[in-house]
A.B. asks: 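Here's a structure for you.
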Amino acid sequence: MFYASAKSGTRAAMLATATLLASPAFAHDGSAHTGGLTAGLLHPLMGPDHILAMLAIGIWAAQCKGGIRWSTLFAFPIVMALGAILAISGVRLPGIESGIAGSVAVLGLLIAFAVRMPAWASAAVVSLFGLVHGVAHGMELPADASPVLFGVGFMLATLVLQAIGLKLARIGVAPVARMLGAAIAVAGGYLLVGIG
């Protein structure tokens, strides 16, 4: 049982890393998308930075206990939605791509080292990252899209990715989750280098 779980986790970590290394493009390349709900659903899947960060939130939440798990899971999408609203309103933050890549690296390290924080601290960390991701999503809103439908789409995609991360961590064992975290941290470092 342990061997099968470890083997599955190792494969997942290798797949995540290989996917990232094979596709160094970012989700925010300025390309235009059309539509509303569909564009919102697909937008978080357009780059490894968003995918890895949202999977990492789920994996890290699985390492947390009780209420901290839920505050970690829900703080990210709530603040992400607020960040998107700010961006749609014209607010811009400097260093968005670096912030997103940094979120991937930091979340990977938190998982790899199984860092435990008080509820307020974990909520603050994921809220900061949620804000950065939300502003990025809001800035990428297609000109012809409904902000509400686009927002619902990217929120749904975010929740699904977080749930997948939570499930990945739960079907494995602690060392597998930590290996996934290490792979995500390496991927985040690769993204940071690509920006510079």
A.B. asks: Contact between Val126 and Val79 at the side-chain level, heavy atoms closer than 4.5 Å - yes or no?
C.D. replies: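 No, every pair of side-chain atoms sits at 4.5 Å or beyond.
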A.B. asks: What's the spacing between Ile184 CD1 and Leu52 CG if we round to 0.5 Å?
C.D. replies: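 CG of Leu52 is found 6.0 Å from CD1 of Ile184.
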A.B. asks: Nearest heavy-atom pair of Ala177 and Ala169: which atoms, and what distance?
C.D. replies: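 Nearest pair, atom of Ala177 first, then Ala169: CB-CB, 4.5 Å.
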A.B. asks: What's the spacing between Leu166 CG and Leu159 CG if we round to 0.5 Å?
C.D. replies: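 Rounded to the nearest 0.5 Å, the CG-CG separation comes to 11.5 Å.
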A.B. asks: For a quick test of reading the model, state the closest non-hydrogen atom pair linking Ser98 to Leu192 and the distance between them.
C.D. replies: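 Ser98 and Leu192 have their closest heavy atoms at O-CD2, 3.7 Å.
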A.B. asks: If I compare all heavy atoms of Leu73 with all of Gly58, which pair ends up nearest, and what's the gap?
C.D. replies: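 Heavy-atom minimum between the residues: CD2-CA, 4.1 Å.
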A.B. asks: Got Met80 and Leu131 here, is their nearest side-chain heavy-atom distance under 4.5 Å?
C.D. replies: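 Result no, sub-4.5 Å side-chain heavy-atom pair not found.
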A.B. asks: Consider only side-chain heavy atoms of I, L, V, M, F, W and Y, link residues closer than 4.5 Å, and tell whether Leu149 and Ile85 are in one cluster.
C.D. replies: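 Leu149 does not cluster with Ile85.
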A.B. asks: Is Trp60 reaching over with its side chain to a backbone N or O of Val115, donor-acceptor style, under 3.5 angstrom?
C.D. replies: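 Judged by distance alone, yes, a pair lies under 3.5 Å.
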A.B. asks: Which pairs count as ring pair (Phe, Tyr, Trp, His ring centres under 6.0 Å) when at least one residue sits in residues 72-100, sequence neighbours excluded?
C.D. replies: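 Only Phe76-His133 qualify under ring pair (Phe, Tyr, Trp, His ring centres under 6.0 Å).
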A.B. asks: Tell me, do Ile100 and His50 make a side-chain contact under 4.5 Å, heavy atoms counted?
C.D. replies: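 The answer is yes, as the side chains (C-beta and beyond) meet within the 4.5 Å cut-off.
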A.B. asks: Could you tell me the separation between the CD1 atom of Ile59 and the SG atom of Cys64, rounded to the nearest 0.5 Å?
C.D. replies: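 Rounded to the nearest 0.5 Å, the CD1-SG separation comes to 12.0 Å.
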A.B. asks: When Val160 is tested against each of Leu156, Ile164, Thr158 for side chain to side chain contact (heavy atoms under 4.5 Å, CB included), which residue passes?
C.D. replies: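 Result for side chain to side chain contact (heavy atoms under 4.5 Å, CB included) with Val160: Ile164.
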A.B. asks: Linking I/L/V/M/F/W/Y whenever any side-chain heavy atoms sit under 4.5 Å apart, do Leu82 and Val148 land together?
C.D. replies: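 No, it is not one cluster - the side chains of Leu82 and Val148 are not joined through contacts under 4.5 Å.
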A.B. asks: With a 4.5 Å cut-off on side-chain heavy atoms, are Arg116 and Gln63 touching?
C.D. replies: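 A side-chain contact exists here, since the closest heavy-atom pair is under 4.5 Å.
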A.B. asks: What's the spacing between Ile88 CD1 and Phe150 CZ if we round to 0.5 Å?
C.D. replies: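 One finds 8.0 Å between CD1 of Ile88 and CZ of Phe150.
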A.B. asks: When you compare the side chain of Leu141 with that of Pro147, does any pair of heavy atoms fall below 4.5 Å?
C.D. replies: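 Pro147 reaches Leu141 side chain to side chain.
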A.B. asks: Between atom CZ of Arg92 and atom CE of Met139, what is the distance when rounded to the nearest 0.5 Å?
C.D. replies: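 Here the interatomic distance stands at 5.0 Å.
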A.B. asks: Is any side-chain heavy atom of Ser103 less than 4.5 Å from a side-chain heavy atom of Val132?
C.D. replies: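 The answer is no, as the side chains (C-beta and beyond) never meet within the 4.5 Å cut-off.
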A.B. asks: When hydrophobic residues are tied together by side-chain contacts of less than 4.5 Å, even through go-betweens, does Phe129 share a cluster with Ile68?
C.D. replies: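 Different clusters.
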A.B. asks: Do the side chains of Met179 and Val176 get nearer than 4.5 Å, heavy atoms only?
C.D. replies: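 Answer yes - side chains close enough.
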A.B. asks: Looking at every heavy atom in both Arg178 and Ala112, which two are closest together, and how far apart are they?
C.D. replies: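 Between these two residues, the closest heavy atoms are NE-O, 2.7 Å.
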A.B. asks: Step by step, would you call Val91 with Val135 a side chain to side chain contact (heavy atoms under 4.5 Å, CB included)?
C.D. replies: CA-CA 8 Å; Val91 173; Val135 169; 5.7 Å; no
A.B. asks: Can you confirm whether or not the ring centre of Phe154 sits under 6.0 Å from the ring centre of His137?
C.D. replies: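 Yes, close enough.
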A.B. asks: Provide the closest heavy-atom pair for Met155 versus Ala81 in the form atom of the first, atom of the second, distance.
C.D. replies: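 Scanning both residues, the minimum pair turns out to be SD-CB, 4.0 Å.
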A.B. asks: Please report the shortest heavy-atom distance between Gly181 and Ile111, naming the atom on each side.
C.D. replies: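 Closest heavy-atom pair between Gly181 and Ile111: CA-CG2, 3.5 Å.
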